[in-house]
Chemist: 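Attaching a single structure in structure tokens format; questions to follow.
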Amino acid sequence: MQNDVVLTMRGIVKTFPGTRALDGVDFTLRKGEVHALMGENGAGKSTLIKVLTGVYEKDAGSIWVEGSEGEAPIHSPQDAQNIGISTVYQEITLCPNLTVAENMFIGRTKGSRVNWREYEKRADELLSNLGIPARARQELSHCSLAVQQMVAIARAVDMNCKVLILDEPTSSLDEKEVEMLFKLMRDLKSRGVGIVFVTHFLEQVYEISDRITVLRNGQLVGEYPVSELPQVELVARMMGKDLGDLADLEAVGEKSAGSQEIVYEAQDLSSVDCRPYDFSIRRGEVNGFTGLLGSGRSESVRAIFGADRVTGGKVKVKGKYVKITNPHDAMKNGIGYLPEDRKRDGIIADLSVRENIILALQVMKGFFHPMSKAQMKEFADEYIKALQIKTASQDTPIKSLSGGNQQKVILARWLLTHPDYLILDEPTRGIDVGTKLEIQKLVLKLAEENMSVTFISSEIEEMLRTCSRLIVMRDRKIVGELTGDQLTQGYVMKTIAGGEQ
Amino acid sequence: MVGKNNRRREPLTDAQLLMTISIGIFAAMYVAAMIFMGGGFLKAQQIFDLLNDNSYLIIIACALTIVMIGGGINISVGGVISFTCMACAIFLNGTGIAAGPLGIVLALLLALGIGLGFGLLMGFLVSYLEIQPFIVSLAGMFLARGLTTILSVNPVKVAHEGFLELVKSKIKISWLGYVAQNGNLIPAKIEIGTVVAICVVIMMYVLLRHLRLGRNIYALGGNRQSALMLGINVKRTCFYSYVISGLLSGLAGFVFLMHKPAGNASVAMRSEMDAIAASIIGGTLLTGGVGNVIGTFFGVMILATIQKIIALSPLNASWWQEMASGAMLGVFIILQSVVLSHRGKKAKE
Ligand SMILES: Nc1ncnc2c1ncn2[C@@H]1O[C@H](COP(=O)(O)OP(=O)(O)OP(=O)(O)O)[C@@H](O)[C@H]1O
Ligand SMILES: [Mg+2]
């Protein structure tokens with residue numbers, strides 16, 4: 001049994017100023033297994049991975065990797081690569097100014113000259129084998145987020161590695177892409193590669209993993225074979241709650257169809273990225289856009305907010321015609337928008353958690369009406385609690401929060417502005433199960449308080465729990481509008497797939 | 001399916017687009033000068049004069065392009081030029097082996113050695129001790145200028161005969177020449193420095209485009225954290241970019257001396273600013289990750305042409321030249337941000 005082990009980590013400790021991110025964590029990875037690393041946002045999963053790959057120096061503990069004598073000499077990502085560990089990090093770590101092929105091979109070519117033609121050929125082969133819609137000589141910045149994620153995965157799997165680490169690789173992928181990734185993982189697994197897999201999608205864990213290690217607050221909770229840890233129990237372990245407490249978590253609340261008053265109405269609204277469509281939402285209503293990734297659901301809501309260049313259409317807010325051509329107009333008319341690509345449109349890395357939360361409200365109020373410090377503190381505190389944001393303090397720069405907690409901060413930013421109409425594009429992506437439910441509850445509570453909300457999520461279940469009306473999109477067109485009895489998983493899926501039977 | 005049309009043309013990258021713009025503007029400006037100013041601009045020699053007078057600037061502009069692509073900056077290049085000029089001039093005026101023909105080779109080595117020394121020192125401070133490159137190279141600039149005046153407060157003319165021979169020697173191309181008023185054919189003359197500068201441009205182009213180090217420098221400037229995670233030794237890459245820029249500024253000092261054979265404390269004053277401007281005009285972004293030396297070459301030519309046009313016009317005064325260069329830079333920066341933001345919007349496929 002011991003011979004099967006490719007990677008052993010013992011007693012790993014890592015402290016950041018104000019936080020003990022890892023506190024004596026053990027982790028064992030065997031050959032040819034998919035090992036899910038689970039835990040709430042801020043539990044220490046990414047930190048464990050970064051310690052392993054030499055991004056951070058550990059404070060204590062030891063790491064052994066099969067094939068090297070004694071403790072593994074890993075002090076930089078380069079060392080980790082050389083020793084046979086390849087990694088897809090949570091945040092996409094590619095260079096936008098290089099081509100796709102360069103991103104796949106840079107840092108692992110030998111010799112001082114690089115025959116890029118050769119590598120471009122290899123890259124094109126790899127891309128078409130994996131069905132990634134990108135070209136080798138394309139600049140990476142011209143690729144969508146999902147494609148960038150796939151390129152990062154392609155790079156990692158192409159390396160001849162013993163250990164493959166995937167930190168939330170599926171958060172921006174659609175179902176088909178996830179399926180493909182899983183096929184790839186099974187393939188590598190059969191070749192004896194040990195795979196570490198981090199995700200907040202529980203179904204994915206049960207679909208692919210052999211074993212689960214659970215972390216909580218930087219401490220090891222335990223290691224379990226998948227068959228011995230049913231889903232509810234996994235959630236309980238992650239959250240540190242008894243099974244009994246979980247039951248009342250599930251009850252999210254009543255869905256709301258809103259009052260009669262129409263808050264926002266658009267006729268033939270179109271932007272550079274979306275075709276003309278009609279749309280309206282009532283006060284206190286929660287509705288959603290659904291469809292596959294790339295079906296145009298994000299582009300549609302971006303047009304509402306003026307995030308892309310609006311090319312036409314009439315817009316009425318609370319019964320009055322208004323012009324919304326940029327985000328500022330939209331905000332002045334009481335519309336808020338949480339973008340899908342938070343890396344690009346979202347966080348301001350060096351500002352503190354508090355400043356990041358206050359930002360949008362400050363913009364809405366105008367910079368000539370400053371808020372008092374005490375008030376800011378109060379607001380920040382309220383949402384840090386409501387969304388269970390794990391941070392050392394309000395003054396911590398947001399960049400030192402875990403990925404999921406950064407997302408929560410941005411969500412808090414928009415919730416705080418209390419707009420009449422709030423658009424949330426994938427608000428729960430990368431957020432742990434417990435908080436996901438909290439967010440759903442919060443959305444319904446806001447609707448009760450007369451806020452209108454448009455909700456977009458890749459998880460249909462989540463939409464069904466919150467939305468009273470679903471707008472289904474396919475190929476950049478609205479193909480259906482579902483309400484009432486039609487709101488079942490099966491029916492929604494059928495409408496999304498639609499037409500082509 | 002994707003693999004088949006492997007070599008199909010990709011849309012221009014940001015850097016290529018910006019470079020194309022600057023080549024276009026150079027061409028337009030030059031043609032305008034030929035039409036409206038005629039005279040010298042109609043002769044091929046005019047281009048060679050621009051090159052001869054600015055060969056040192058081409059070299060340090062390349063040096064700056066490289067560090068700027070890596071996300072850094074090096075404003076010591078002008079200072080290093082003045083220091084090398086002075087040191088080499090004093091060395092060449094010495095006795096013994098320095099006075100012989102071998103002295104020229106030794107002077108070249110001295111120039112390169114000084115440049116290398118500055119490059120190593122600044123590279124170490126920036127890369128390994130992680131001090132701000134602006135501050136490090138500002139200190140480097142003061143150090144170099146200071147050392148120059150320590151060597152000599154007064155200008156030092158080179159008296160070395162072999163070297164002066166070198167200064168006068170020019171490559172003559174008769175078919176590019178013109179017929180003077182007295183009927184003599186005057187061939188086009190190219191200085192050695194120009195040849196050196198062109199070689200530097202080609203070498204740096206190859207380095208940035210085809211060598212591993214070059215691509216690593218782009219990665220570093222594109223996103224330092226990502227470059228680290230991709231397994232690039234970012235510190236060493238950054239270090240090398242400063243070493244190369246130091247070496248090039250030493251070489252530029254020697255080329256400068258071949259153009260004007262005298263050491264002088266005020267030599268190449270402000271040239272680092274011209275070099276930065278030329279890089280930017282050529283499409284290098286101050287934020288790093290984007291740029292190339294061909295563009296930079298045309299950036300230098302654009303600045304040189306503006307100055308020539310003003311020198312030949314009734315406006316001939318240094319403040320007009322500076323204002324025109326400044327205006328040009330402003331136009332380019334605005335153009336760059338307009339072009340890039342416009343592309344950014346439609347970039348996603
Ligand atoms: N660079 C850093 N500086 C300071 N604190 C940090 C840093 N990186 C992580 N932390 C802290 O360490 C803890 C663990 O973070 P980590 O990123 O490992 O969480 P995670 O389990 O990956 O969560 P998520 O699911 O949100 O990605 C968090 O409390 C975070 O605030
Ligand atoms: Mg993480």
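A note on names: the letters A, B, ... follow the listed sequences, proteins ahead of strands, and every chain is numbered from 1. Bear in mind the structure is a predicted one, so any value in this text is a computation, not a measurement.
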Chemist: Is it true that, when you exclude B:Tyr128 itself, more than 12 heavy atoms of the residues, nucleotides or ligands shown sit nearer than 6.0 Å to its OH?
Modeler: yes
Chemist: Non-hydrogen atoms of chain B under 4.5 Å away: do they reach the side chain of A:Thr109, the backbone, both or neither?
Modeler: both
Chemist: With a 4.5 angstrom heavy-atom cut-off, which part of B:Arg224 approaches chain A: side chain, backbone, both or neither?
Modeler: neither
Chemist: Taking B:Ser226 as the fixed residue, which of A:Ile92, A:Thr93, A:Ile106 is the one that meets the side-chain contact (heavy atoms from CB on, under 4.5 Å) rule?
Modeler: A:Thr93
Chemist: Hey, what do you get for CG (B:Asn216) to SG (A:Cys95), rounding to the nearest 0.5 Å?
Modeler: 9.5 Å
Chemist: Quick one: CZ on A:Arg108 to CZ on B:Arg212, what's the gap to the nearest 0.5 Å?
Modeler: 12.5 Å
Chemist: Sort out for me which of A:Gly111, A:Ala123, A:Ser76, A:Ala152 touches chain B most, counting heavy-atom pairs under 4.5 Å.
Modeler: A:Gly111
Chemist: Counting a contact as any heavy-atom pair under 4.5 Å apart, which residues of residues 228-251 of chain B contact chain A?
Modeler: B:Leu228, B:Met229, B:Leu230, B:Gly231, B:Ile232, B:Asn233
Chemist: Could you tell me whether the side chain of A:Asn97 and the main chain of B:Tyr218 form a donor-acceptor pair under 3.5 Å?
Modeler: yes
Chemist: Is chain B contacted by the side chain of A:Asn115, its backbone, both, or neither, given a heavy-atom distance below 4.5 Å?
Modeler: neither
Chemist: Could you walk me through whether A:Leu98 and B:Arg215 pass side-chain contact (heavy atoms from CB on, under 4.5 Å), step by step?
Modeler: CA-CA 8 Å; A:Leu98 301 184; B:Arg215 302 320 290 173; 4.1 Å; yes
